[in-house]
Amino acid sequence: MLVTMRQLLDEAAVGGYGVAAFNVNNLEQIQGIMEAAQETQSPVIVQASRGARSYAGDNFLYHMMLAAAETYPDIPVALHQDHGNSPETCISAIELGFTSVMMDGSLGEDAKTPLDFEDNVAVTKKVVDIAHARGVTVEGELGTLGGMEDGVGSGEICLTDPAQAEEFVERTGVDALAVAIGTSHGAYKFSREPDGDILAMEIIEDIHRRLPDTHIVMHGSSSVPKDIVERLKAAGGEVDAGFGVPIHAIQRGIEHGVRKVNIDTDGRLAITAFMREHYRDNPDDWDPRGAGKAARAGQKHICLQRMQELGMAGHAGDYTAMSLEDMAARYAQGVRSTV
Ligand code: G3H
Ligand code: 13P
Ligand code: ZN
């Protein structure tokens with residue numbers, strides 16, 4: 001069942017849980033996510049980066065994502081553009097049929113150079129006007145993550161200022177706000193188990209107090225599981241992996257308004273570990289479906305865990321989908337929340 005991210009996150013706020021947004025690039029990732037969502041009865045966000053769209057091709061990727069919603073009519077699925085770098089990227093996602101877009105105006109169009117506050121407000125507001133007229137949800141970002149992922153990111157961490165966040169949401173009308181609290185994309189986030197000096201959870205608490213109706217998004221939220229990293233290495237792989245975001249930190253965020261939790265790296269690591277084990281244990285398998293099944297199982301393995309840990313499990317049947325037209329009509333009346 002295709003839903004907007006606004007409705008999916010509004011319902012998560014009512015239920016007091018977080019929703020994982022899993023990045024997808026191919027069929028096996030989408031199937032792994034959906035098998036886990038079906039088994040745990042979880043609503044889910046399936047998201048595509050610009051890199052994913054260019055890897056798979058817009059038409060292939062969109063139709064595989066749409067097939068997820070069509071194949072599982074009882075599971076709410078939002079189709080989301082991750083880290084849109086310009087209004088053009090977001091508009092093309094809306095035209096494809098995504099029900100949600102992220103305008104990441106924390107960085108310029110090169111997805112590297114930090115943008116100043118006024119420019120971020122202007123570019124995000126432009127996308128909100130276009131998206132809301134079509135009923136599509138918008139996520140903005142204030143502050144910058146650390147690290148670089150395939151050229152995405154400035155490499156500099158600039159934590160979100162809660163007072164600025166309040167002004168940003170008022171001026172742009174975004175539905176969800178990605179905040180920078182010290183995390184980075186990728187497998188190497190921290191050199192030690194992150195504590196309060198590294199992860200600024202109090203920023204989330206402050207923003208939630210100021211903006212109780214805006215859904216907070218945590219990027220760079222992979223936990224980089226030690227067991228998966230060890231399996232990947234034992235099967236012949238190499239990865240420079242540090243500490244990830246502990247599940248208890250995500251759960252604390254959820255208690256304070258985090259509703260969307262972005263997870264890409266954990267799926268990538270598990271897929272690679274499972275595929276390497278498959279080839280190690282079956283050197284004579286030259287049918288790519290064997291490795292494809294392993295990839296699907298790797299993605300599913302992570303999703304099953306996160307769906308339980310974030311509290312999404314069991315909430316798929318809580319609501320029916322509002323149409324994009326309904327959403328557009330509500331936005332036109334100045335209503336953001338669906339509950
Ligand atoms: O933006 C970060 C996500 O992990 C997507 O990564 O740009 O390599 O697809 P990507
Ligand atoms: P990870 O690299 O921690 O999985 O973060 C993913 C993300 O934030 C995608 O936007
Ligand atoms: Zn991200």
Side-chain angles (χ1 to χ4, degrees), residues 5 18-26 29-30 33 44-58 61 65 78-86 89-90 93 98 100-107 109-112 139-155 157-158 160 176-190 194 198-199 216-225 228-229 239-247 249-250 253 258-272 298-299 302-303 305-306 309-310:
M5 197 168 83
V19 181
F22 296 110
N23 285 73
V24 296
N25 300 269
N26 61 31
Q29 286 181 301
I30 295 170
I33 294 164
V44 70
I45 300 163
V46 174
Q47 64 183 9
S49 68
R50 282 190 303 138
R53 286 175 59 181
S54 95
Y55 167 75
D58 277 357
L61 191 57
M65 291 163 78
L79 306 185
H80 177 75
Q81 167 74 54
D82 189 25
H83 290 286
N85 64 323
S86 65
T89 299
C90 296
F98 285 43
S100 178
V101 293
M102 175 185 193
M103 177 61 235
D104 182 356
S106 70
L107 302 172
E109 278 199 33
D110 63 1
K112 284 187 181 61
E139 172 185 340
E141 175 164 331
L142 194 60
T144 55
L145 307 187
M148 293 273 289
E149 182 81 354
D150 281 0
V152 178
S154 65
I157 294 184
C158 172
T160 307
L177 182 68
V179 296
I181 56 163
T183 65
S184 324
H185 291 133
Y188 199 99
K189 302 183 191 302
F190 312 110
I198 299 182
L199 264 187
I216 300 176
V217 184
M218 272 174 72
H219 280 247
S221 293
S222 278
S223 300
V224 193
I228 295 293
V229 170
V239 55
D240 185 16
F243 287 84
V245 179
I247 299 298
I250 297 173
V258 169
R259 297 290 160 233
K260 175 172 183 271
V261 180
N262 281 20
I263 299 171
D264 184 3
T265 297
D266 285 352
R268 293 180 180 195
L269 291 171
I271 287 170
T272 305
Q299 181 74 54
I302 292 295
C303 295
Q305 290 181 359
R306 298 295 175 271
E309 290 158 348
L310 273 60

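All residue numbers in this chain count up from 1 along the given sequence. Each ligand, and each atom within it, is numbered from 1 in the order the structure gives. As the structure is a computational prediction, the values presented were derived from the model and not from experiment.
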Counting each atom of ligand 2 from 1 as listed, which ones have a heavy atom of K189 under 4.0 Å away? 1 (P), 2 (O), 3 (O)
Quick one: does any side-chain atom of K189 pair with a main-chain N or O of F243 as donor and acceptor, under 3.5 Å? no
Mind checking side chain to side chain donor-acceptor pair (under 3.5 Å) for R306 and listing every partner two or more places apart, or none if nothing turns up? D266, E309
Measuring from atom CE of M102 to atom NE2 of H80, what distance do you get when rounded to the nearest 0.5 angstrom? 6.5 Å
Any atoms of ligand 1 less than 4.0 Å from a non-hydrogen atom of H83? List them with their elements. 1 (O)
State, with a plain yes or no, whether a side-chain heavy atom of V245 is found less than 4.5 Å away from one of L199. yes
Regarding ligand 2, does G220 bring an N or O atom to under 3.5 Å of one of the ligand's N or O atoms? yes
If only atom types and distance count, is the side chain of S106 paired as donor or acceptor with the main-chain N or O of T144 below 3.5 Å? no
Under 4.5 Å between any side-chain heavy atoms of T183 and L145, yes or no? yes
Between the main-chain N or O of H219 and the side-chain N or O of S221, is there a donor-acceptor pair closer than 3.5 Å? yes
What I'd like to find out is whether the side chain of L269 reaches to under 4.5 Å of the side chain of V229, using heavy atoms alone. yes
Provide the number and element of each atom of ligand 1 under 4.0 Å from a heavy atom of N23. 3 (C), 5 (C)
Pick out which of V19, I216, I250 makes a side-chain contact (heavy atoms from CB on, under 4.5 Å) with V258. I216
Considering R268, H185, R50 one by one, which has a heavy atom nearer to atom 2 (C) of ligand 1 than any of the others? H185
Worked verdict on H185 versus T265 for side chain to side chain contact (heavy atoms under 4.5 Å, CB included): CA-CA 8 Å; H185 291 133; T265 297; 5.8 Å; no
Heavy-atom contacts under 4.0 Å between T265 and ligand 1: side chain, backbone, both, or neither? neither
Excluding water, the protein N, O or S atoms sitting under 2.8 Å from the Zn ion (ligand 3) are H83 NE2, H185 NE2, H219 ND1
Name the one of V217, D82, V101 that satisfies side-chain contact (heavy atoms from CB on, under 4.5 Å) with E139? V217
Against heavy atoms of H83, which atoms of ligand 2 measure under 4.0 Å? 10 (O)
With a cut-off of 4.0 Å, which atoms of ligand 2 are near a heavy atom of N23? 9 (C)
Under 4.0 Å from a heavy atom of I263: give me the atoms of ligand 2 that qualify, with their elements. 4 (O)
Tell me whether S223 contacts the main-chain N or O of G244 through its side chain, where contact means a donor paired with an acceptor under 3.5 Å. no
Proximity winner for atom 3 (C) of ligand 1, if only heavy atoms of D104, N262, D264 are counted: D264
Which atoms of ligand 2 sit under 4.0 Å from any heavy atom of H219? 8 (O), 10 (O)
Contact check: G186 vs ligand 2, nitrogen or oxygen atoms, below 3.5 angstrom: yes
Between ligand 2 and S221, is the shortest N or O to N or O distance under 3.5 Å? yes
